[in-house]
Amino acid sequence: MSENTTANKPKNFIYEIIDEDLKTNKWGGKVCTRFPPEPNGYLHIGHAKSICLNYGIARDYNGKFNLRFDDTNPEKEETEYVESIIEDVNWLGTDFGDKVLFASDYFEQMYLWAVELIKKGKAYVCDLNADEIRASRGTLTEPGKESPYRNRSIEENLNLFERMKNGEFANGTKTLRAKIDMASPNFNLRDPIMYRIIHAEHHRTGNKWCIYPTYDWAHGNEDSIEGITHSICTLEFENHRPLYDWFLDQLGVHHPQQIEFARLNLNYTVMSKRKLLQLVQEKYVDDWDDPRMPTISAYKRRGYTPEAIRNFAEIVGVAKRDALTDISLLEFAIRDDLNKHTQRVMAVLNPLKAIITNYPDGKIEELEAVNNPEDPSMGSRRVPFSKEIYIEQSDFMENPPKGFHRLIHGGEVRLRYAYIIKCDEVIKNDNDEIVELRCSYDPETKSGTGTSKKKVKGTIHWVSVNHAIDVEVRLYDRLFTVENPGVEENWLSCINPNSLEVISNAKLEPFLRNAKKGERFQFERNGYFCVETKHATNDKLVFNRTVTLRDSWAKK
RNA sequence: UGCCGGGUCGUCUAAUGGUAGGACUACGCCCUUUGGAGGCGUCUGUAGAGGUUCGAAUCCUCUCCCGGCAGCCA
């Protein structure tokens, strides 16, 4: 619980607030944070930032971190979402104690507190309908008008509120409102609604309740009940803080400090749950975990690691200014992690057959290949080499541009872990398409022998034809063609039509035959890939491309 | 035209009256049996105008720009 636990970390303004609180003993040395999702959709990378922030604070200060579902609206919430959220929060590696918490477990307490406010003359039952309330709220420049029901007696309010709870009234016919100030420049203080009548089945409380607390009334109560010290939320709640404070002050209960920070926005994607839901419902993507989505489950399926996500959260930092973060920061985080930890392997995505004419028929050599040059402890493997191999179509050019380091007609290139070969002949079909290469190899140039005097500019990967396994590979690109689709009037028209490319006949070295679902590899010179966990058949392995390798040649 | 926030390299983020720094990106060089990784280097920034001060990104004033707020959503 000391400051030096964070002494070597870069501090954001929230850490500074907490340091100061510890110094002044504001909370008796306690630090308690929470992540309070509404179970109305899947978690996305922006939520991951919030989770990392809140959990990171609890961890760094030896405090406590709660996972609490803000399930106050039965019409939008589902158990499926609760389950996915728990899974994602776990996957990120947070420790939220021995149980998951729910706002719905506090409904009784909140009801009692509402009664208390009525008794203090601070809340009243209002018979205005939604339209009438909107009409009387005023505008940006004009104050609102007080409800004609604002000055009901405490007894009448108590009676009416109980009858609301008992289900005597239809949806929308009555609300419980806080009696604050209809002339406040802050709309949130113009007699905000605390309870609305919703006759709907709640995913946890069933039909026990037909009145449900609004966010404004519920949220501070939830934080208070759990003993939260720092209630961290995003900027759009800044205007709600005075109300958060007002409720807690009226109640005289534990009063956490609300602190707002700027939510994460990533370019070339959308981050609103509403939009993500629409992408799913209208089938622009597979599902919430479609690898093109910015959801946690999608990143997981695509091959991202929790470490990379956490590191990304660290890299983007925490501040109050609005930001549109470049996706390259995320890609850096995942490459950085995968580079250090993944097994290298050779895979030819778009095969072109090459026959090494002077290599003996039927001969097979088992060549040694390093598994990970970044980590010698990962050892090496044997890769079969033979007369017929596949190389990448893009590794051969008849009319190469200046600076092309790969195979050309009459030129030489090294086959990774094998020999230097020379292209002697280009075979084409009737359509003038290259269908095969005839090459010759130099036996003196075998990899690792140190006998090669030759120097070639390029090294390309390959797979032995007779040993190759056929796999499907899915290449993903950004889901949108514009940097900030979320602000476009017709954002759906900005969807990238080429965000998914399926390659059904990629060739892999046999080492991968028994790759397990979710396993990650680097396909040398191509990128990082992982075995698909969801839509894959048994007869063929399917790989998802997590991210490409940096490619300083492709950029020209 | 109301209230609340916010403006620092292309992007994200530090500097809390005392040398505007880091990461990413881009570019260049070195190295390399992955055009990967790694190493080195370069470019680019305090929204504007005044003021206070020996000294201002930081404090004051005015201006400009951006975001949020008029759900019985969160």
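Since we're looking at a predicted model, the values are computed, not measured. Quick note on labels: first sequence line is chain A, next is B, and so on, each numbered from 1. Computed from heavy atoms alone, side chains included, the values below leave out hydrogens, waters and symmetry copies.
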Between [X] and [Y]: side-chain donor-acceptor atoms closer than 3.5 Å:
{"X": "A:Glu260", "Y": "A:Gln258", "value": "yes"}
{"X": "A:Asn186", "Y": "A:Asn188", "value": "yes"}
{"X": "A:Ser231", "Y": "A:Arg34", "value": "yes"}
{"X": "A:Ser380", "Y": "A:Glu368", "value": "yes"}
{"X": "A:Glu236", "Y": "A:Thr234", "value": "yes"}
{"X": "A:Glu365", "Y": "A:Tyr419", "value": "yes"}

Any donor and acceptor pair, going by atom type alone, linking the side chain of [X] with main-chain N or O of [Y] inside 3.5 Å?
{"X": "A:Lys165", "Y": "A:Ile211", "answer": "no"}
{"X": "A:Tyr304", "Y": "A:Leu330", "answer": "no"}
{"X": "A:Asp326", "Y": "A:Leu329", "answer": "no"}

How does RNA chain B look in dot-bracket notation if pairs are Watson-Crick or G-U with both distances under 3.5 Å, crossing ones as [ ], other-strand ones as |?
.((((((..((((....[..)))).(((((.......)))))....(((((..]....))))))))))).....
Separation of [N] [atom2] from [X] [atom1] (nearest whole Å):
{"X": "A:Asn372", "N": "B:G36", "atom1": "CG", "atom2": "P", "value": "16 Å"}
{"X": "A:Leu266", "N": "B:U11", "atom1": "CG", "atom2": "P", "value": "15 Å"}
{"X": "A:Leu330", "N": "B:C24", "atom1": "CG", "atom2": "C1'", "value": "12 Å"}
{"X": "A:Glu142", "N": "B:G2", "atom1": "CD", "atom2": "C1'", "value": "10 Å"}
{"X": "A:Asn339", "N": "B:G36", "atom1": "CG", "atom2": "P", "value": "11 Å"}
{"X": "A:Ile315", "N": "B:U11", "atom1": "CD1", "atom2": "P", "value": "17 Å"}
{"X": "A:His461", "N": "B:U33", "atom1": "NE2", "atom2": "C1'", "value": "14 Å"}
{"X": "A:Glu524", "N": "B:U34", "atom1": "CD", "atom2": "C1'", "value": "5 Å"}

Got a list of protein N/O to nucleotides 46-48 of chain B N/O distances below 3.5 Å?
none

Would you mind classifying the nucleic acid contact of [X] as base, sugar-phosphate or nothing, using non-hydrogen atoms under 4.0 angstrom?
{"X": "A:Tyr212", "value": "nothing"}
{"X": "A:Gln522", "value": "base"}
{"X": "A:Arg406", "value": "base"}
{"X": "A:Phe523", "value": "nothing"}
{"X": "A:Gly527", "value": "nothing"}
{"X": "A:Val318", "value": "sugar-phosphate"}

side-chain hydrogen bond (donor to acceptor under 3.5 Å, both in side chains) with A:His461: which of A:Glu392, A:Glu524, A:Arg416?
A:Glu392
Test side-chain hydrogen bond (donor to acceptor under 3.5 Å, both in side chains), reference A:Ser104, set A:His203, A:Arg204, A:Glu77, output is A:Arg204
For A:Tyr195 and A:Phe107, work out which heavy atoms get closest and say how close.
OH-O, 4.3 Å
On a heavy-atom basis, which atom in A:Ile85 and which in A:Pro37 lie closest, and how many Å separate them?
CG2-CG, 3.9 Å
[Y]/[X] salt bridge by N-O under 4.0 Å criterion:
{"X": "A:Glu226", "Y": "A:Arg68", "value": "yes"}
{"X": "A:Arg382", "Y": "A:Glu366", "value": "no"}
{"X": "A:Lys23", "Y": "A:Asp19", "value": "no"}

Specify the residues of residues 160-170 of chain A, ordered by number, for which at least one heavy atom lies under 4.0 angstrom from an atom of RNA chain B.
none
Letter by letter from the 5' end, nucleotides 67-74 of chain B scores (B base, S sugar-phosphate only, - none; protein heavy atoms under 4.0 Å) SBSBSBSB
Summary of protein contacts for nucleotides 16-21 of chain B, nucleotide by nucleotide, where a base hit scores B, a sugar-phosphate-only hit scores S (4.0 Å, heavy atoms):
B-----
Which word best sums up how the rings of A:Phe385 and A:Tyr359 line up, parallel for under 30°, tilted for 30 to 60°, or perpendicular for over 60°?
perpendicular
Can you tell me, in whole Å, how much space there is between the [atom1] of [N] and that of [M]?
{"N": "B:U8", "M": "B:U46", "atom1": "P", "answer": "10 Å"}
{"N": "B:C27", "M": "B:U63", "atom1": "P", "answer": "44 Å"}
{"N": "B:C9", "M": "B:A15", "atom1": "C1'", "answer": "15 Å"}

Between atom CD of A:Gln257 and atom CD1 of A:Ile18, what is the distance when rounded to the nearest 0.5 Å?
9.0 Å
Do A:Arg414 and B:U33 share a donor-acceptor pair, side chain to base, under 3.5 Å?
yes
Below 3.5 Å, does any donor atom in the side chain of A:Thr141 face an acceptor in the base of B:U1, or the other way round?
no
[N] phosphate, OP1 or OP2: any side-chain N/O from [X] under 4.0 angstrom?
{"X": "A:Arg344", "N": "B:U34", "value": "no"}
{"X": "A:Arg550", "N": "B:G35", "value": "no"}
{"X": "A:Arg321", "N": "B:U13", "value": "yes"}

Aromatic ring proximity, centroids under 6.0 angstrom, A:Tyr244 and A:His240
no
Candidates B:C24, B:C12, B:U34 - which lies nearest the side chain of A:Phe332:
B:C24
Which comes earlier along RNA chain B counting from the 5' end, the contact point of A:Ala418 or that of A:Glu374, where each point is its nearest nucleotide?
A:Ala418
Starting at the 5' end of RNA chain B, which residue's closest nucleotide do you reach first, A:Tyr417 or A:Leu324?
A:Leu324
Expected rows: protein N/O vs nucleotides 40-45 of chain B N/O, under 3.5 Å:
none

So, is B:G71 syn or anti if syn means the angle is within 90° of 0?
syn
Kindly indicate whether a cation-pi arrangement holds for A:Arg335 with A:Phe332, taking the cut-offs as under 6.0 Å to the six-membered ring centre and within 45° of the axis.
no
Decide side-chain contact (heavy atoms from CB on, under 4.5 Å) for A:His341 and A:Thr305; before the verdict, give the C-alpha distance in whole Å, the side-chain angles of both, and the deciding distance to 0.1 Å.
CA-CA 11 Å; A:His341 304 298; A:Thr305 61; over 6 Å; no
